[in-house]
Amino acid sequence: MDRFGINVTLKHTPVLDPEFIPLMRFNQAFLEGAQKPVSIAVERADGQVAVRHTFVHGTPEMVEADLYYVERLIKTMLWMYGGYCVQITDQDLCDRLNKLYGVDGPQWFDVEFMHNVFEAPFMIICVDEVPEEKNCPKAMGGHLDGCRIGFDAGGSDRKVSAVIDGETVFSEEVVWFPKTNADPDYHYEGIVAALKSAAEHMPRVDAVGVSSAGIYINNRTMRASLFLQVPPDLYDAKVKDIYIRAIRDTFGGVPYAVVNDGDVSALAGAMSLEDNNVLGIAMGTSEAVGYVDEEGRITGWLNELAFVPVDANPDAMRDEWSGDIGCGVKYFSQDGVIKLAPRAGIELEESLSPAEKLKAVQKLMAQDDPRAAKVYESIGVYLGHTLAYYYELYGCRHVLLLGRVMSGKGGDLILDTAKKVLADEYPEVKLVPELPDEKFRRVGQSMAAASLPEIV
């Protein structure tokens, strides 16, 4: 396979997507002939800085390849770490990148998103030398002492647990509809009701931990699909501090922590595995990811790998929200199954919801339908190549695979295929992909959330 004159060879290609070009393999082939040093830094509003030192070709015939490689690397860094200021040590590339990330440019979605999250103007600037890397991971979770509440806010239900000295004494799951409700008081009242329900089963409340889909900085809700319908003015006034207000209004000044649900999943995985350096990947409505580092700390990075590119194929499927192509959401979510099903000869009724379409393919897989097997095998090939890329980015020792796509026989086939691809194509990658076991389920998302804050 050829892209910008870069030849990529593979042992394993997805049977239903033979034009798939793993970005990891493209990058490796690109760097073989690259000799001009380039450094890139992505700076966050909280002072953290992510740095990559790499190479480009720097020759006239490789101008487009250089730009593609660097832009995909920057996009990966933005969605892995988050940031509002990109610094690069090459003026020509800087000028070209500013066109791509300018108003009406193909990457304008990324610009607006990062601007809203970090509440600072997005910029790409040329510098003589990038700053040193700086990370500020937080030791969170694993605290089991005292009377704690763990709240897990999902898109279709909310879960809450009352935990006393590491033992769950009460848990409750309530259906709610946060994504379709424009009134933030609906969300606030639901959160408070859950907190009070758990509190009734303990003599006191010492701490509250919250697991919620979205991006949280200093416990504030910067972006979250749970509040999708809330108007911007109400969002700023009532959503950004919604969890902080709910906890303080209900329990006063108890310690609390609000963390992305992907990070809490990774934390629950670390607690069940009794080991650290865990990447959790939930394949459901989207691709949700969390990471716990070698010291068992939450990094504060975005870890929004749904928007990280994984496929260098110029005809890769486009994501309707971001407008970009080849990004994780179309490979490691129900969208990936729905994309591949027609190619396998499975006709899905248009009137079905995405979740119902996934269930239809899962039902065929449960019946050992060979067409469904091709769908899951292809996703396994995607995953094997991409896990090697995630390993390069994170250096993770464990990968925990979660979500509806990974359930049943299909999930087993995805895992087995991914392991085979890793062994054949990337023997140097030392990580263990696995499915959650009963111990993980006992830990649970809401209990892991309860363990987030430290009682001082």
Side-chain angles (χ1 to χ4, degrees), residues 140-141 147-164 168-202 205-216 219-230 234-235 238-251 254-268 271 280 282 284-286 288 290 334 353 355 402-404 407 436 440-453:
M140 300 180 73
C147 299
R148 299 169 169 273
I149 292 176
F151 178 66
D152 176 27
S156 56
D157 53 59
R158 60 177 195 254
K159 305 178 186 70
V160 70
S161 294
V163 181
I164 300 178
T168 301
V169 298
F170 169 79
S171 62
E172 179 183 62
E173 186 171 319
V174 176
V175 174
W176 71 337
F177 306 96
K179 292 185 177 182
T180 58
N181 206 302
D183 181 4
D185 290 339
Y186 168 85
H187 304 79
Y188 174 85
E189 290 165 6
I191 296 165
V192 170
L195 297 178
K196 287 182 176 179
S197 181
E200 291 174 356
H201 295 81
M202 297 189 295
V205 175
D206 297 321
V208 179
V210 175
S211 164
S212 184
I215 296 172
Y216 298 88
N219 301 304
R220 302 180 72 220
T221 311
M222 306 313 294
R223 287 292 291 269
S225 59
L226 297 177
F227 310 98
L228 195 63
Q229 299 301 323
V230 178
L234 287 178
Y235 191 100
K238 291 193 170 186
V239 172
K240 284 192 174 179
D241 293 327
I242 193 167
Y243 290 116
I244 298 172
R245 287 190 297 110
I247 295 167
R248 286 179 175 173
D249 291 352
T250 310
F251 304 118
V254 301
Y256 60 86
V258 184
V259 174
N260 168 268
D261 59 349
D263 281 338
V264 178
S265 290
L267 175 63
M271 292 170 68
T285 305
S286 183
Q334 62 190 16
S353 69
L402 313 161
R404 291 190 300 274
S407 64
F440 176 87
R441 283 185 276 271
R442 285 200 304 272
V443 170
Q445 192 89 351
S446 57
M447 180 177 172
S451 79
L452 288 168

Checklist entry - Is it true that a side-chain atom of Asn260 and a backbone atom of Gly214 form a donor plus acceptor pair closer than 3.5 Å? => result yes
Next on the checklist: Within the structure provided, determine whether Val210 and Tyr256 are in side-chain contact (heavy-atom separation under 4.5 Å).
Outcome noted: no
Checklist entry - Does Glu172 have any side chain to side chain donor-acceptor pair (under 3.5 Å) partners at least two apart in sequence or in another chain, and if so, which? => result Ser197
Item to check | Evaluation steps, side-chain hydrogen bond (donor to acceptor under 3.5 Å, both in side chains), between Ser446 and Ser161 | outcome: CA-CA 6 Å; Ser446 57; Ser161 294; 2.6 Å; yes
Checklist entry - What pair of heavy atoms forms the shortest contact from Ala162 to Ala198, and how long is it? => result CB-O, 3.6 Å
Next on the checklist: Go through it in stages, so that I can follow the logic: the residues are Thr250 and Lys196, the test is side-chain contact (heavy atoms from CB on, under 4.5 Å), and I'd like the CA-CA distance, side-chain angles, deciding distance and then a yes or no.
Outcome noted: CA-CA 8 Å; Thr250 310; Lys196 287 182 176 179; 3.9 Å; yes
Item to check | Partner residues of Asp261 under the side chain to side chain donor-acceptor pair (under 3.5 Å) criterion, sequence neighbours left out | outcome: none
Checklist entry - Under the salt bridge (Lys or Arg N to Asp or Glu O under 4.0 Å) test, which residues partner Lys240, sequence neighbours left out? => result Glu119, Asp236
Checklist outcome for this item: Contacts of Asn181 meeting side chain to side chain donor-acceptor pair (under 3.5 Å) (sequence neighbours excluded), chain-then-number -> none
Checklist entry - How many angstroms lie between atom CZ of Arg223 and atom CG of Leu228, to the nearest 0.5 angstrom? => result 9.0 Å
Checklist outcome for this item: side chain to side chain contact (heavy atoms under 4.5 Å, CB included) filter on Lys179, not counting sequence neighbours, yields Ser225
Item to check | Asp206 with Arg148: basic N within carboxylate O range, under 4.0 Å | outcome: no
Checklist entry - Taking atom OH of Tyr188 and atom CZ of Arg245, what is their separation to the nearest 0.5 Å? => result 6.0 Å
Checklist outcome for this item: Nearest heavy-atom contact between Ala450 and Val163 is CB-CG2, 4.0 Å
Checklist outcome for this item: Shortest non-hydrogen pair, Ile149 vs Val205, comes out as CD1-CG2, 3.9 Å
Checklist entry - Where do Ser451 and Met271 land on the side-chain contact (heavy atoms from CB on, under 4.5 Å) test, with the steps shown first? => result CA-CA 10 Å; Ser451 79; Met271 292 170 68; 3.9 Å; yes
Next on the checklist: I'd like to check the side chain to side chain donor-acceptor pair (under 3.5 Å) partners of Ser353; sequence neighbours left out, ordered by chain and number.
Outcome noted: Glu356
Checklist entry - Can you name the residues that form a salt bridge (Lys or Arg N to Asp or Glu O under 4.0 Å) with Asp249, not counting sequence neighbours? => result none
Next on the checklist: Which residues pass the side chain to side chain contact (heavy atoms under 4.5 Å, CB included) test with Val254, not counting sequence neighbours?
Outcome noted: Val208, Ile247, Phe251
Item to check | salt bridge (Lys or Arg N to Asp or Glu O under 4.0 Å) against Asp183, all qualifying residues, sequence neighbours excluded | outcome: none
Checklist entry - Does a side-chain N-to-carboxylate-O contact under 4.0 Å join Asp241 and Arg220? => result yes
Checklist outcome for this item: By salt bridge (Lys or Arg N to Asp or Glu O under 4.0 Å), Arg248 pairs with (sequence neighbours left out) none
Item to check | By ring pair (Phe, Tyr, Trp, His ring centres under 6.0 Å) - contacts of Tyr216 (at least two apart) | outcome: none
Next on the checklist: List the residues meeting ring pair (Phe, Tyr, Trp, His ring centres under 6.0 Å) with Phe177, not counting sequence neighbours, and say none if there are none.
Outcome noted: none
Item to check | Residue pair Arg158, Asp152: steps toward the side-chain contact (heavy atoms from CB on, under 4.5 Å) verdict | outcome: CA-CA 6 Å; Arg158 60 177 195 254; Asp152 176 27; over 6 Å; no
Checklist entry - Could you state the interatomic distance from OG (Ser407) to CG (Leu402), rounded to the nearest 0.5 Å? => result 11.5 Å
Item to check | Separation between OG of Ser212 and CD1 of Ile242, rounded to the nearest 0.5 Å | outcome: 9.5 Å
Checklist entry - For Trp176 and Gly154, which heavy atoms make the closest approach, and how far apart are they? => result NE1-O, 3.0 Å
Item to check | Ala257 to Leu452 - nearest heavy-atom pair and separation | outcome: CB-CB, 3.9 Å
Checklist entry - Are side-chain heavy atoms of Leu234 and Phe227 found at a separation under 4.5 Å? => result no
Checklist entry - For Val174, does its backbone N or O pair with a side-chain atom of Asp157 as donor and acceptor, under 3.5 Å? => result no
Next on the checklist: So, taking the atom named CZ in Phe170 and the one named CE in Met202, what distance separates them when rounded to the nearest 0.5 Å?
Outcome noted: 10.0 Å
Checklist outcome for this item: Heavy-atom closest pair (Ala266 atom, Gly280 atom, distance to 0.1 Å) is CB-N, 4.1 Å
Checklist entry - With respect to His187, which candidate in Val230, Val192, Val239 satisfies the side chain to side chain contact (heavy atoms under 4.5 Å, CB included) definition? => result Val230
Item to check | Tyr243 OH to Leu195 CG distance, which is reported to the nearest 0.5 Å | outcome: 10.0 Å
